[in-house]
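The next block holds one structure in the form of structure tokens; read it before the comments.
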Amino acid sequence: QLQASGGGLVQAGGSLRLSCAASGFTFDDVVIGWFRQAPGNVREEVGCMRSKDGNTNYAESVKDRFTISSDSAENTVYLQMNSLKPEDTADYYCAVRESGSYYHTGVCIPYYEYEYWGQGTLVTVSS
């Protein structure tokens, strides 16, 4: 099970860090995905990471602004979001596939390959 937190209201240009705490499994070698969905829009992939080696892929829209990381001691993954824009406003979701072998360089696995999902946490970026 995943518990997401850290959303809130921030001004454009600001930063937020989302957290996703896991229970029932560890982050030794998993694929972690972050997704977002704005009202009226389809779910959008933000990025993914293999916890074993820290390799990541990011969507072009967030590359160089967002960073995925994990803390195995805390069994928590993070999404650091910098230089936020109004178009980043959305509900953000974390997801996990319990096998790191599903990670592929350059592309994230599709949403339906993930086994566990956190509840959404709302990020609102004001202009």
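For this chain, numbers begin at 1 and follow the sequence in order.
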_Just so I know, are the side chains of Ser51 and Ile32 near enough to count as touching, which here means a heavy-atom distance under 4.5 Å?_
yes

_Main-chain N/O of Val125 paired to Thr89 side chain as donor or acceptor, under 3.5 Å_ = yes

*Does Ile109 reach the side chain of His104, with side-chain heavy atoms less than 4.5 Å apart?*
yes

*Taking the side chain as every heavy atom from C-beta outward, state whether Val96 and Glu115 have any atom pair closer than 4.5 Å.*
no

*Would you indicate whether the side-chain heavy atoms of Arg36 and Val123 approach each other to under 4.5 Å?*
no

*asked:* Can you tell me how far apart CD (Gln11) and OG (Ser127) are? Round to the nearest 0.5 Å.
replied: 9.5 Å

*Just by distance, with hydrogens left out, do Asp64 and Tyr58 show a side-chain donor and acceptor under 3.5 Å apart?*
no

*For the residue pair Tyr114 and Phe35, categorise the inter-ring angle as parallel (less than 30°), tilted (30 to 60°) or perpendicular (more than 60°).*
perpendicular

*Quick one: are the ring centres of Tyr93 and Tyr111 less than 6.0 Å apart?*
no

*Roughly how far, to the nearest 0.5 Å, is the CZ atom of Arg17 from the OG atom of Ser5?*
9.0 Å

*asked:* Nearest 0.5 Å, please: how far is CG in Asp29 from OG in Ser72?
replied: 12.0 Å

*What are the two closest heavy atoms between Cys108 and Glu45, and how far apart are they?*
CB-OE1, 3.1 Å

*More than 12 heavy atoms of other residues, nucleotides or ligands under 6.0 Å from CD of Gln80: is that the case?*
yes

*Taking the side chain as every heavy atom from C-beta outward, state whether Glu44 and Ser61 have any pair of such atoms under 4.5 Å apart.*
yes

*Would a 4.5 Å heavy-atom cut-off, applied to side chains only, mark Asp88 and Phe66 as touching?*
yes

_If you compare all heavy atoms of Val31 against all heavy atoms of Ser99, which two are closest, and at what distance to 0.1 Å?_
CG2-O, 3.6 Å

*Taking atom CG of Asn55 and atom CZ of Arg50, what is their separation to the nearest 0.5 Å?*
8.5 Å

*For the atom pair CD1 (Ile68) and CG (Leu79), what is the distance rounded to the nearest 0.5 Å?*
6.0 Å

*asked:* I'd like to know if the side chain of Asn75 and the backbone of Phe27 have a donor-acceptor N/O pair within less than 3.5 Å.
replied: yes

_Hydrophobic cluster membership, Val46 vs Tyr116, 4.5 Å side-chain cutoff_ = yes

_Would you say Phe25 ends up clustered with Trp117 if hydrophobic residues are merged whenever their side chains have heavy atoms under 4.5 Å apart, either directly or through other cluster members?_
no

_Quick check against the 3.5 Å criterion: does Asn57 have a side-chain atom that pairs as donor or acceptor with the backbone of Gly106?_
yes

*asked:* For the OG1 atom of Thr76 and the CD atom of Gln3, what is their distance to the nearest 0.5 Å?
replied: 10.5 Å

_Nearest heavy-atom neighbours spanning Ser70 and Met49_ = OG-CE, 3.4 Å

*asked:* Strictly distance-based, threshold 3.5 Å: is any side-chain N or O of Arg97 a donor or acceptor partner for the main-chain N or O of Glu113?
replied: yes

*Answer whether the closest heavy-atom distance between the side chains of Tyr92 and Met81 falls below 4.5 Å.*
yes

*May I ask you to test the Trp34-Leu18 pair for a side-chain heavy-atom distance under 4.5 Å?*
yes

